[in-house]
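Contents: one structure, followed by commentary.
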Amino acid sequence: MFEIRIHGRGGQGVVTAAELLAAAAFAEGKYAQAFPSFGSERTGAPVVSFCRLDDKPIRVREPVMHPDVLIIQDPTLLHQVNVFEGAGQDALLLINSARPVAELGIGEFTGKLRPGAVLTVPATELAQQHVGRPVPNAALLGGFAALSGAVSIESVVAAISDRFGGQIGAGNVAAASAAYASVVSQRGQPAPSRAGDRRTGTRHGAIRLSSGGRIGQIEGSRGVADAVALCRPEVICAYPISPQTHIVEALAAKVKSGELAPCEFINVESEFAAMSVAIGASAAGARAYTATASQGLLYMAEALYNASGLGLPIVMTVANRAIGAPINIWNDHSDAMSQRDCGWIQLYAETNQEALDLHIQAFRLAEEVSLPVMVCMDGFVLTHAHERLEVPSQEQVDRFLPGYEPRQVLDPDDPVSIGAMVGPEAFTEVRYLAHARQGQALELIPAVAAAFAGEFGRDSGGLVRHYRTQDADTIVVALGSVLGTIKDTIDELRADGMRIGALGITSFRPFPLAAVRAGLGAARRVVVLERALAVGIGGIVAANVRMALSQPAPAQLAPTQLAPTQPLPAQPLHQSASAGDMPHSYTVIAGLGGRAITKASLRELFIRAAADELEPLTFLDLNTGLIDAELSRAAATRRSGPAAENMLRDLGAVASGIG
């Protein structure tokens, strides 16, 4: 794997640079992953983006901690942010500067590198000359091609032309070509090529499939928007909130262009209004979709219960993001976990391909069981990551997803009340039916996933996913994108002789008690890694896992058992497992507020778990010194000030760190 980290400032095209690099690599037949790490969302603030290139699928989701190449788009960062963090002696360094390296004051780092490993390119001047704007990203990519040989200048030029076109595209191509020539001149020759043969194809080298679908280098949000569009929604309503925004922007553009006719996109004044519109549309017989994140999901809370209580098959994307205060725009699962008991089905995606696929499955599942579905995908980590995705054809989706036939509908010609008052005489039965439908979903989720695999030729969804668990003494349980990093860590530990595996949970609601219990098998210990915290008690997922281990799942209700003419079966009683039969269980809180979950940290964690050295509740990479300092401050003075700001001041933080 070849890893690149790009440092710059907001407005310099740092994120676009990684995306263009990934597109160039994809066009040469490589697997590529590009994603950002934003700081404060303002022009001029430090921004980092990452890119990975490989000849096989890329699973890891940690930031690039040990880059093979560093690209510095703004030389003022050299002495403000630790841009060299994690870079080894074999790293290559390309800096946007018209000054020679010796004048930049970074000899303490560059002196450790090989001769010729550090070069400067006047990328801002080249961009100003050829584009008329001081945006150095495209020029630096030309220099990168000459310095590293990881992609060809031809593929870089094609990616720039595909992205921009016209005079802007031509100017950026000229700047990139000039930077390439500058690096070749400094080196005496371009770096040995690691590039593959460039494919012919459509935009960004997209591959057209015989099925009518396509494979392309696509942002996760855009892939989800494509999937939702293929499901032929009739009403889309949303209020923008990061990191959900790109999804609804793409869908709004499709509606405006007529591509989704007769779909209506309704702009609303809040997330509560968005869910209210979706409820009204679904009750009137329309296929409805919305998306949100973080505080937006909380603002919907009352309406979420209404949607599920009314049995309306709305599909919603939750771009998982932390909940403030303090304000945090980065990823964890606090938002969706806070609404775990609101009656919605919750499905968690490990990859962007699975996020795309789950949305197609979600509409079918929601409409068959008459319950709303949340598809949860990690904010920024997935929503803003560009990688290889297969987008099916409209014909394939039409075969898989029948037209919407509502079980209940508001019709002026046949008046009926929905959601009317229900008193004590029937309210328990109403809630039981909601619970029974979730039980029915446990049967339908794997069936829908199997039908999807039959139509589209790939496995996605289901209840749980096993990874090397068959002989594992230690099994790690997790949800979402962190599973990729966990799998890579497991492979390394397996190579060292450790018997360890992973169980990924896709369906968190309904929770698959029986599948989890079976999946954990004869493991001696279970480590539940979760990206949310139940303050005052600890783990949320862990509590559900312990329930699965302590007793068998209750008998599930088959679809026929929900027919109104048949009595509902009584639930059988079960004996709980004895404490001696249960594996050691550890809860690990990790990745809160977007903190990176790295392979290095996971490796140490899993080794300690295998030795039974973990505390029952562990916080991964917790800075105990920072905590102790704040507790001491609070004990010393009554008016100690806001804790979050105090800790940032202790850290001396001027920008978000790499991990």
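We count residues from 1, following the sequence as given.
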Closest contact, heavy atoms only, [X] versus [Y]:
| X | Y | value |
| --- | --- | --- |
| R321 | A293 | CB-CB, 4.4 Å |
| I266 | V277 | CD1-CG1, 3.6 Å |
| L147 | V183 | N-CG1, 3.8 Å |

Counting only heavy atoms not in [X], do more than 12 fall under 6.0 Å of its [atom1]?
| X | atom1 | value |
| --- | --- | --- |
| E103 | CD | yes |
| L648 | CG | yes |
| R187 | CZ | yes |
| F265 | CZ | yes |

* Asked: So which of Q353, R214, R458 actually passes side chain to side chain donor-acceptor pair (under 3.5 Å) with E390?
  ->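 For E390, the side chain to side chain donor-acceptor pair (under 3.5 Å) check succeeds only for R458.
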* To do: Using side chain to side chain donor-acceptor pair (under 3.5 Å) as the criterion, point out the one residue from N331, D332, D335 that pairs with N320.
  =>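 One option only clears the test, and that one is D335.
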Contact between [X] and [Y] at the side-chain level, heavy atoms closer than 4.5 Å - yes or no?
| X | Y | result |
| --- | --- | --- |
| V381 | W330 | no |
| L347 | C376 | no |
| I71 | I4 | yes |
| N137 | Q12 | no |

Pair [X] + [Y], salt bridge at N-O below 4.0 Å:
| X | Y | result |
| --- | --- | --- |
| E3 | R52 | yes |
| E249 | K254 | no |
| K599 | E62 | no |
| D488 | R59 | yes |
| R61 | E387 | yes |

* To do: Would you please indicate if the ring centroids of F400 and F456 are separated by under 6.0 Å?
  =>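 Yes - the distance between ring centres of F400 and F456 falls below the 6.0 Å cut-off.
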* Taking the six-membered ring for Trp, are Y348 and H333 ring centroids under 6.0 Å apart? ->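 Ring-ring flag for Y348/H333: true, centres closer than 6.0 Å.
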* Asked: Between Q394 and D398, does any side-chain donor sit less than 3.5 Å from a side-chain acceptor?
  ->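 The answer is yes; a qualifying pair exists.
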* Can a donor-acceptor pair be found between the side chains of S155 and E28 at a distance below 3.5 Å? ->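 S155 vs E28: donor-acceptor pair found between side chains.
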* What distance do L21 atom CG and S49 atom OG have between them, rounded to the nearest 0.5 Å? ->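 Interatomic distance, L21 CG to S49 OG, rounded to 0.5 Å: 9.0 Å.
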* Under 3.5 Å, side chain of N96 to main-chain N/O of I72, donor-acceptor pair present? ->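 No.
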* To do: Please work out whether the ring planes of F144 and F2 are parallel, tilted or perpendicular, with thresholds of 30° and 60°.
  =>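 Tilted.
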* May I ask you to decide if the ring planes of Y289 and F363 are parallel, tilted or perpendicular, using 30° and 60° as cut-offs? =>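 Judged by the thresholds at 30° and 60°, the geometry between Y289 and F363 is tilted.
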* R5 to F50 six-membered ring, cation-pi geometry met (6.0 Å, 45°) ->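 Geometry flag: not set, cation outside 6.0 Å or 45°.
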